Asker: 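Have a look at this one before I ask anything.
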Protein chains: 2
Amino acid sequence: MQPQSPLAALRSLLKERELDGMLIPRADAHQSEYSAPFDDKLAFISGFDGSAGLALILADRALLFVDGRYQVQARQQVKLDEFDIHHLHDEPVHLWLRDNLPSGRRIAFEPMLMVNSQYESLRTSGCDLVAVNDDPLNEIWTTRPAAPRGAIRPMPIAVSGESTASKCSRVAKALDHAGADYLAVTLPDNIAWLLNVRGSDIPMSPVPLSFALVSAEGGVEWFVDEEKLRQLDSSLLESVSIQRPEAFIARCQQLAAGKRFLLDEDNAPVAVRFAVEQGGGAIKWQADPITLMKANKNDAELEGYRACHVQDGAAWVNFLAWLSHEVPLREAAGNPLSELEAQEKQLALRKACDNFREQSFGTISAAAANAAMCHYHSTPETNVAITSNEFYLNDSGGQYSNGTTDATRTLNFGQVDAQRRLHYTAVLKGFLSLISLQFPQGTQGHQLDAFARRPLWELGLDYDHGTGHGVGHCLLIHENPHRMAKKVNPWPMQPGNILTIEPGYYLAGSHGIRIENQVEVVASQPGFCQFASLTLIPIDLSAVELSLLSEQEIAWLDEYHQRVRETLSPHVASEARPWLIEATAPVRTQRA
Amino acid sequence: MQPQSPLAALRSLLKERELDGMLIPRADAHQSEYSAPFDDKLAFISGFDGSAGLALILADRALLFVDGRYQVQARQQVKLDEFDIHHLHDEPVHLWLRDNLPSGRRIAFEPMLMVNSQYESLRTSGCDLVAVNDDPLNEIWTTRPAAPRGAIRPMPIAVSGESTASKCSRVAKALDHAGADYLAVTLPDNIAWLLNVRGSDIPMSPVPLSFALVSAEGGVEWFVDEEKLRQLDSSLLESVSIQRPEAFIARCQQLAAGKRFLLDEDNAPVAVRFAVEQGGGAIKWQADPITLMKANKNDAELEGYRACHVQDGAAWVNFLAWLSHEVPLREAAGNPLSELEAQEKQLALRKACDNFREQSFGTISAAAANAAMCHYHSTPETNVAITSNEFYLNDSGGQYSNGTTDATRTLNFGQVDAQRRLHYTAVLKGFLSLISLQFPQGTQGHQLDAFARRPLWELGLDYDHGTGHGVGHCLLIHENPHRMAKKVNPWPMQPGNILTIEPGYYLAGSHGIRIENQVEVVASQPGFCQFASLTLIPIDLSAVELSLLSEQEIAWLDEYHQRVRETLSPHVASEARPWLIEATAPVRTQRA
């Protein structure tokens with residue numbers, strides 16, 4: 001007998017339970033951007049492994065909803081005789097259900113994987129939504145990877161800059177101010193910040209998958225697998241009450257009677273809402289106050305960012321100096337350097353840094369047309385040569401013990417054509433426009449985004465991604481809530497926020513360009529802020545039409561390069577030093 | 001016996017009706033920015049005549065809620081032993097009611113003067129909201145001005161560019177698309193656009209105060225005072241059903257059973273909602289579709305704007321040439337020209353234009369420190385001299401039979417100091433940055449606002465108003481929905497939209513600067529738009545630090561001035577022509 005396909009097995013299960021269908025989102029209980037293989041039910045059931053999506057499995061048909069980025073990938077990965085592909089935003093599942101199913105159909109969903117805003121949309125579908133809490137796919141997913149049990153390490157207060165007690169007391173004040181008795185913390189990076197710990201459940205995302213409850217008195221109950229706690233010292237473990245993660249929902253229900261829970265509508269599993277309501281409690285919908293506290297970095301954290309960027313910058317310079325030598329040599333020898341070779345060399349150089357722990361995200365090492373795909377990752381199948389007539393784009397970063405880095409450089413090894421030079425110059429001018437800005441404290445990201453786009457707009461061009469994201473402190477590479485993009489971001493920027501600035505330009509099938517610095521927001525004149533570069537890496541000017549740069553742009557570049565040279569010189573390999581000096585020479589020298 | 005004060009009279013009335021209090025907003029039934037004296041109940045009861053505010057009258061106290069602009073004016077205009085002044089936004093009335101009154105107090109409001117979003121806020125106050133429909137203040141307001149009965153004139157199709165039938169059919173389609181049976185139109189400018197008419201109820205706001213119902217079949221019922229209709233020809237009057245305005249609410253209720261009404265939550269009186277619900281109908285909350293149709297001007301309207309700007313520009317040049325002669329002459333004679341004299345002369349010059357009908361808003365004629373008040377209007381008490389060592393700011397416009405104008409120039413008659421020159425240069429650079437922009441079609445106003453502010457931000461300065469507003473076609477000077485400001489404006493810009501660009505800088509007690517052009521959004525490269533200036537008035541460069549202008553900025557100014565000169569030369573008075581030639585000379589000449 002042939003084993004059943006996952007889809008067939010799920011359908012049998014649905015039939016057994018008298019369900020008409022089931023929703024399977026690409027989500028874990030923490031709404032993680034990068035999640036553990038254990039949690040990737042959507043890939044198990046559909047074959048699609050993108051970072052966002054939702055399947056609807058019915059008895060006689062199956063639908064996969066993915067956004068614009070994944071329309072092509074989804075069609076490559078799923079069996080098209082089993083799944084219809086729909087657009088996640090243009091034709092959302094709740095409208096599809098409303099328009100295509102008779103009302104009252106029993107549709108199952110896992111309330112740990114769904115947030116309240118999604119649930120409220122689904123309620124308008126006319127279906128009978130059936131919450132299932134027993135992880136039903138586990139029955140049929142015989143090859144399921146184990147749940148991650150990554151060890152949790154303490155974050156020394158010298159690095160985090162604030163004790164857990166002090167943080168808990170601030171959260172307690174915020175709860176009091178909001179008129180709430182408990183905060184349910186379901187975002188692992190918020191827990192890591194609060195408890196001064198870092199996890200290892202997911203590579204490159206050093207957060208401990210777990211839950212927490214903070215009371216208005218500042219007490220903490222931490223719902224975490226005890227196996228993960230061996231590296232922690234007793235002082236933390238004594239100050240919080242430890243329980244198993246599986247007990248989290250029941251505990252919310254148990255505490256709820258007559259109490260008000262602060263819940264984040266866009267992040268907390270709707271299961272928490274159900275538990276609080278069933279326990280006789282009330283809910284105050286509000287963004288988790290830790291999210292903003294965490295985004296306003298303290299002096300120790302800022303010192304850490306600055307220090308690790310010196311190390312990371314030196315590793316970049318060693319890498320770029322090596323590339324500048326290797327690329328033409330290997331090209332001339334008829335054996336050009338490949339994307340994968342380059343990223344291996346870069347990782348080796350980063351690993352030589354004292355405080356380096358791991359990469360902060362999967363490196364994008366992309367030559368020629370591969371760089372036109374914003375989220376490209378090189379594989380043996382796609383790996384191409386780095387040559388002198390095409391750009392090479394490298395977007396990479398490190399998790400260091402004192403901070404996190406993220407930077408992009410696009411490199412020209414001598415021969416790129418006039419069109420590529422024009423595009424590169426426009427991207428650089430947008431980067432310079434935004435990074436040199438002074439703006440009123442409290443300005444929101446969407447108010448500044450267009451500065452980075454204007455030089456491209458002047459050419460009738462644009463890029464289809466945001467201009468900058470927050471970066472966690474030894475935490476997630478894409479940290480909420482700050483963001484610079486076309487989309488509205490309501491969070492005011494203030495000194496101590498960490499962001500990236502990364503305009504780009506991508507011409508499908510031809511080339512891709514991006515220049516990215518990580519920056520901190522610093523106070524300048526009264527009531528005003530500026531960006532100060534954390535990233536210390538020379539910007540390649542060999543593809544720039546220097547005649548198109550203004551005096552102010554040249555002054556910024558010269559000042560930046562002088563700082564890069566002076567800061568990194570003592571730290572780079574001696575064989576990289578001549579390259580550093582040349583790569584940071586004043587523009588006037590290069591124009592002459 | 002002394003006559004009762006309005007406040008005492010209202011309190012007697014409340015007692016008689018067993019009401020604990022009453023809300024009196026500064027509003028008419030159309031949420032007009034400029035309303036008729038007949039409708040200014042707030043000024044009658046409180047003495048405060050600003051353009052936004054709300055009074056809460058209780059038996060033993062009275063409160064006036066005004067926004068930041070009016071904190072000073074309110075304290076000057078109301079009796080402070082009768083009224084406490086509160087902040088309209090920081091301490092909104094519904095929170096005050098919740099926190100200061102026992103629940104269940106009977107608070108009256110007029111549902112024709114309140115929109116749904118306000119009503120929903122008030123419902124959270126815990127008060128018993130009592131809708132009163134009989135205009136109770138009328139009883140005690142013995143000196144109330146008459147309701148306006150301004151004649152309504154037809155708008156020829158050659159000027160409006162589209163027949164009422166065609167517009168009604170587009171609205172019917174929008175209703176069908178929204179799944180609604182009726183649209184209740186309560187905005188007079190939307191009615192004016194739909195029916196191709198203009199009104200005269202309120203000076204400078206050529207809209208007919210009235211209501212309309214449009215059905216999904218395209219039929220129109222117009223609720224308007226018949227006395228206003230004498231100038232209209234029979235073809236329009238035969239195509240719509242005319243009813244008295246007082247019948248509007250009852251008619252909504254009568255039609256409602258089983259029907260769905262499209263209502264604009266931020267503009268329609270909540271009385272319409274009550275009528276529809278009482279009549280057994282349903283409501284679809286959505287912006288009035290006419291608002292967007294009206295904002296996308298057709299070719300005939302655009303031609304009208306362009307043509308009237310030539311006339312208005314010539315009147316400006318005649319005025320500015322006269323000023324340039326008169327100001328130094330009168331100053332030397334020890335009898336300097338005053339703000340009021342200047343604006344009278346300007347109005348006389350505009351009246352000489354063929355198609356001029358009236359001003360499009362009250363002229364701001366402001367010298368020296370008076371210009372630091374953004375919405376200053378000169379009076380005999382405030383009237384100061386225009387002199388050569390202070391800026392003179394003039395913000396004015398006209399309603400012409402084929403379009404509407406709005407422009408600001410700030411003028412230097414020779415002697416302003418270095419600080420003023422620096423500020424003027426920054427305002428000009430912000431103006432040039434935004435007006436010369438190319439941007440993707442569909443960009444929203446808040447995404448572009450900061451371009452106009454950046455040169456001021458570089459100096460640690462800013463201005464506390466929006467950067468641009470829509471301008472109606474022979475309609476309201478501040479037309480929704482498009483707007484460029486820090487505040488989010490969700491409406492995408494596209495070719496055919498009309499906006500102003502008007503950055504400024506204001507130093508209280510010292511000086512004020514604003515430079516404003518009216519522009520149309522035009523298509524440029526595929527998918528991109530630009531602004532094309534409608535305003536044709538020389539920009540004073542005598543206070544500019546020319547060394548701070550870039551080559552692109554100078555090129556824009558020279559090209560604009562050439563266009564101004566060539567377009568206006570045939571239209572200006574012969575004695576103004578030499579001034580026009582000098583005022584539009586290329587910057588390079590002036591720098592040399």
Side-chain angles (χ1 to χ4, degrees), chain A residues 95 98-99 179 426 429-430 432-464 466-467 484-493 523-531 547-553 555-556, chain B residues 98-99 179 426 429-430 432-464 466-467 484-493 523-531 547-556:
Chain A
L95 295 186
R98 190 194 68 189
D99 296 341
K429 286 176 78 79
L432 294 173
S433 176
L434 184 53
I435 209 165
S436 64
L437 182 72
Q438 173 163 279
F439 55 95
Q441 181 166 335
T443 297
Q444 298 159 328
H446 59 266
Q447 297 175 323
L448 304 184
D449 168 80
F451 285 114
R453 300 183 190 272
R454 181 174 187 153
L456 287 159
W457 287 359
E458 281 176 7
L459 303 175
L461 308 174
D462 202 353
Y463 52 93
D464 193 16
T467 295
M484 290 190 277
K486 289 185 180 180
K487 196 177 161 198
V488 171
N489 181 293
W491 299 91
M493 289 191 282
S524 52
Q525 286 180 268
F528 282 79
C529 296
Q530 285 181 315
F531 297 117
S547 63
L548 297 178
L549 297 188
S550 71
E551 289 304 311
Q552 292 97 309
E553 288 167 337
W556 190 96
Chain B
R98 189 194 68 187
D99 296 340
K429 286 176 78 79
L432 294 173
S433 176
L434 183 52
I435 207 165
S436 64
L437 182 70
Q438 172 163 280
F439 55 95
Q441 181 165 336
T443 297
Q444 298 159 328
H446 59 266
Q447 297 176 321
L448 304 185
D449 169 80
F451 286 115
R453 300 182 190 274
R454 181 173 188 155
L456 286 159
W457 287 358
E458 282 176 7
L459 303 174
L461 308 174
D462 202 354
Y463 53 93
D464 193 16
T467 295
M484 289 190 277
K486 289 185 181 180
K487 195 176 161 197
V488 171
N489 181 293
W491 300 91
M493 290 192 281
S524 52
Q525 287 180 268
F528 282 79
C529 296
Q530 284 181 316
F531 297 118
S547 64
L548 297 178
L549 297 188
S550 71
E551 289 303 310
Q552 292 97 308
E553 288 167 336
I554 290 169
W556 191 96

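Letters go in sequence order (proteins before strands), and every chain restarts at 1. What's counted below: heavy atoms across the whole structure, side chains too, no hydrogens, waters or symmetry copies. All of these numbers come straight from a predicted model, not from anything done at the bench.
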Asker: Please classify the contact between Q447(A) and chain B as side chain, backbone, both or neither, with a heavy-atom cut-off of under 4.5 Å.
Answerer: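 It is both, since atoms from each part get that close.
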Asker: Is it the backbone or the side chain of L456(B) that comes under 4.5 Å from a heavy atom of chain A, or both, or neither?
Answerer: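 Contact with chain A involves no heavy atom of L456(B) at all.
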Asker: If I measure from the heavy atoms of chain B, does Q525(A) come under 4.5 Å with its side chain, its backbone, both, or neither?
Answerer: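 Just its side chain gets close to chain B.
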Asker: Counting only heavy atoms from other residues, nucleotides and ligands, does the tally under 6.0 Å from CG of D99(A) exceed 12?
Answerer: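 Yes.
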Asker: In sequence, state the C-alpha distance, the side-chain angles, and the governing distance for R454(B) and L437(A), and then conclude on side chain to side chain contact (heavy atoms under 4.5 Å, CB included).
Answerer: CA-CA 8 Å; R454(B) 181 173 188 155; L437(A) 182 72; 3.5 Å; yes
Asker: Please identify, among S433(B), S524(B), S436(B), G527(B), the residue contributing the most non-hydrogen atom pairs under 4.5 Å to chain A.
Answerer: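 Top count of heavy-atom pairs under 4.5 Å with chain A: S433(B).
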Asker: How many angstroms lie between OG1 in T443(B) and CZ in F528(B), if you round to the nearest 0.5 Å?
Answerer: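 Rounded to the nearest 0.5 Å, the OG1-CZ separation comes to 8.0 Å.
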Asker: In terms of heavy-atom proximity below 4.5 Å to chain B, should F451(A) be classed as side chain, backbone, both, or neither?
Answerer: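 For F451(A), backbone and side chain are both near chain B.
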Asker: Highest number of heavy-atom pairs under 4.5 Å with chain B: which of P490(A), P526(A), S550(A), G460(A)?
Answerer: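 The residue among P490(A), P526(A), S550(A), G460(A) with the greatest pair count is G460(A).
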Asker: Exactly one of D462(B), D449(B), T467(B) should register a side-chain hydrogen bond (donor to acceptor under 3.5 Å, both in side chains) with K486(B). Which one does?
Answerer: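 The option that passes is D462(B).
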Asker: Checking the side chain of Q441(B) only, and the main-chain atoms of C529(B) only, is there a donor and an acceptor separated by less than 3.5 Å?
Answerer: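 Answer holds: no.
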